[in-house]
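The structure appears below as structure tokens.
Reminder, nothing fancy here: chain letters follow the sequence lines and each chain counts from 1. What you are looking at is a predicted structure, and each value in this text was computed from that prediction instead of being measured.
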Number of protein chains: 2
Amino acid sequence: MSNIPSNIPEKTIERLSEYRRTLLRCHKQGITHIFSHVLAGMHGITAVQVRRDLMLIGFSSDTKKGYDVKVLIDFISSILDSESPMNIGVIGMGHLGQAITKYFNSKDLKLKITAAFDIDQNKVGTMIDGIPVFHMDEFEERVSELGINIVVLSSPARVASELDVPIINAGIKGVLNFTSKPLNLPHGIVVENYDITTLLEKVAYFVKENEEKDI
Amino acid sequence: MSNIPSNIPEKTIERLSEYRRTLLRCHKQGITHIFSHVLAGMHGITAVQVRRDLMLIGFSSDTKKGYDVKVLIDFISSILDSESPMNIGVIGMGHLGQAITKYFNSKDLKLKITAAFDIDQNKVGTMIDGIPVFHMDEFEERVSELGINIVVLSSPARVASELDVPIINAGIKGVLNFTSKPLNLPHGIVVENYDITTLLEKVAYFVKENEEKDI
DNA sequence: TGGCGATTGTTTATTTTGTAACAATAGTAA
DNA sequence: TTACTATTGTTACAAAATAAACAATCGCCA
């Protein structure tokens, strides 16, 4: 068994996920081999970066006909995917929460959304896109029962500040936070913040910069 | 007029947006001054990073009572905000598109969502959360008419591949892409990709890594 | 008023990330 | 076969981002 490198850069992990997505699309189209510069072009990056990423995870093809799409997909999966299932809970079943569950249900992924949580009595007790919606009061209980280890925060920001404690108590290991409220969680918990306002303000800033450069 | 530094790191821009959000919240609560380490703590980063970010944009306070919240908000705004309005269009008015518009309408931001585009005849011609929904066929026309320079892509991935050309033709300057399909746009256009699957796979990967580290 | 502690602004080092250069070799075609 | 091209894997370099170390100075209190 080849030793899997353990210190893979964060950015490389992101790109591996993106590569795999693209490769799966190619695989569906019957493409069996792909050159590094073709894969790179599809992502707007250089071929060197693709090859370097693959080197970092210990993948090599030594043929000059391009990478075998299926083999590469499996290799990336062996890096990214966990053997034990990752169960995901969604907190906040508004538009954003529903967008995420709907999106995931349509895919065949190792990651599974197994429950949603909300405080709206009209939603609690129902199924949305095949996912049961529980009341936030049941959070810890259901997390434990369903083996949830990751949560997506898609609630309004004002609710988010009250979620630190239940998330810690329930033993959640990873959080994908779409609210604008920074969380206050211990280091052992993986947190990724993607506030949509920040993302847009960032785009707007660089658009502004580009325009000023042109003048 | 103090010269505004023009080469601010991308990560600093992100953090500035986050600082401002937090500062606005503090301002509402009547907090007038804030120490660098307090602001840092709210974001799970170090005080050094906060001070360095502020240094990079040329902000200094020289008092030791902490930063004046209101003054700092205005200073950050002078960096981030454009004088000419940034008008945003949303492509794809599914759950994600609606989540974004709803979210933005409730805030008082310089960025304004002024139109949405879709191909669903049930949505076209209606108003959703105060935003008019046009058919994608009208895209270029409406972009020009409404002065839209940024778009949010929240359509299904399979549609996204057909959007490169209209986006270029309409003269869009910035794209926030939530689809899994990488776009093929020239360098002059600012593109930020945030595929939700990738974000979740990243969190899942580092959760897995943490667990393996503990064993 | 004078010194102590706390906070800031700046410089310097370390780590991370991205880019470029180069050597090795599988495929190709005469 | 043999030279050539294209593609790969690796090493070395450059840039960006983060963290640490340090010097300067304001506020506080005796």
Exercise for the section: Sorted by first residue and then second, give each side chain to side chain donor-acceptor pair (under 3.5 Å) pair with at least one member in residues 169-179 of chain A; sequence neighbours left out. Expected result: A:Asn177-A:Thr179, A:Asn177-A:Asn193
Practice task
Scan residues 34-55 of chain A for pairs that pass side chain to side chain donor-acceptor pair (under 3.5 Å), counting only residues two or more places apart or in two chains.
Solution key: A:Thr12-A:Asp53, A:Arg15-A:Asp53, A:Tyr19-A:Asp53, A:Thr22-A:His43
Between [atom2] on [N] and [atom1] on [X], what's the gap in Å once rounded to a whole number?
X	N	atom1	atom2	value
A:Glu10	D:dA16	CD	C1'	15 Å
A:Leu56	D:dT8	CG	P	16 Å
A:Arg52	D:dT10	CZ	C1'	9 Å
B:Ile45	D:dA19	CD1	C1'	12 Å
A:Met55	D:dT11	CE	C1'	8 Å

Handout entry: Closest contact, heavy atoms only, B:Ile131 versus B:Ala116
Key = CG2-N, 3.7 Å
Practice task
Specify the residue among A:Arg51 and A:Lys11 whose closest nucleotide of DNA chain C lies further upstream toward the 5′ end.
Solution key: A:Lys11
Exercise for the section: Consider only side-chain N and O atoms of B:Thr63 and B:Ser61, and report whether a donor and an acceptor are under 3.5 Å apart. Expected result: no
Handout entry: Distance-only donor-acceptor check, side chains B:Asp129 and B:Tyr103, under 3.5 Å
Key = no
Exercise for the section: For A:Thr12, report the nucleic acid contact type (base, sugar-phosphate, nothing); a contact means any heavy atom under 4.0 Å. Expected result: nothing
Fill in the blank from the handout: Given protein heavy atoms under 4.0 Å, the one-letter contact record of nucleotides 25-30 of chain D, with B base, S sugar-phosphate only and - none, is simply BBS---
Problem - Any residue meeting side-chain hydrogen bond (donor to acceptor under 3.5 Å, both in side chains) with A:Asn184, in chain and number order, not counting sequence neighbours - result: none
Practice task
Could you label the plane-to-plane angle of the B:Phe117 and B:Phe134 rings as parallel, tilted or perpendicular, counting under 30° as parallel and over 60° as perpendicular?
Solution key: tilted
Problem - Electrostatic pair B:Asp81-B:Arg20, nearest N-O below 4.0 angstrom - result: yes
Practice task
Output the single nucleotide from D:dG9, D:dT18, D:dT11 whose closest atom is nearest the side chain of B:Gln49.
Solution key: D:dT18
Exercise for the section: Output the distance between atom CG (B:Leu24) and atom NZ (B:Lys70), rounded to the nearest 0.5 Å. Expected result: 9.0 Å
Completion exercise
Rounded to the nearest 0.5 angstrom, the CG-CD distance for A:Asp195 and B:Glu14 is 10.5 Å
Problem - Members of residues 29-43 of chain A that approach DNA chain D, where some heavy atom sits under 4.0 Å away - result: A:Phe35, A:Ser36, A:His37
Exercise for the section: Tell me whether the centres of the aromatic rings in B:Tyr67 and B:Phe59 are closer together than 6.0 Å. Expected result: yes
Problem - Nucleotides bounding contact with chain A, strand DNA chain C, heavy-atom threshold 4.0 Å - result: C:dT17 to C:dG27
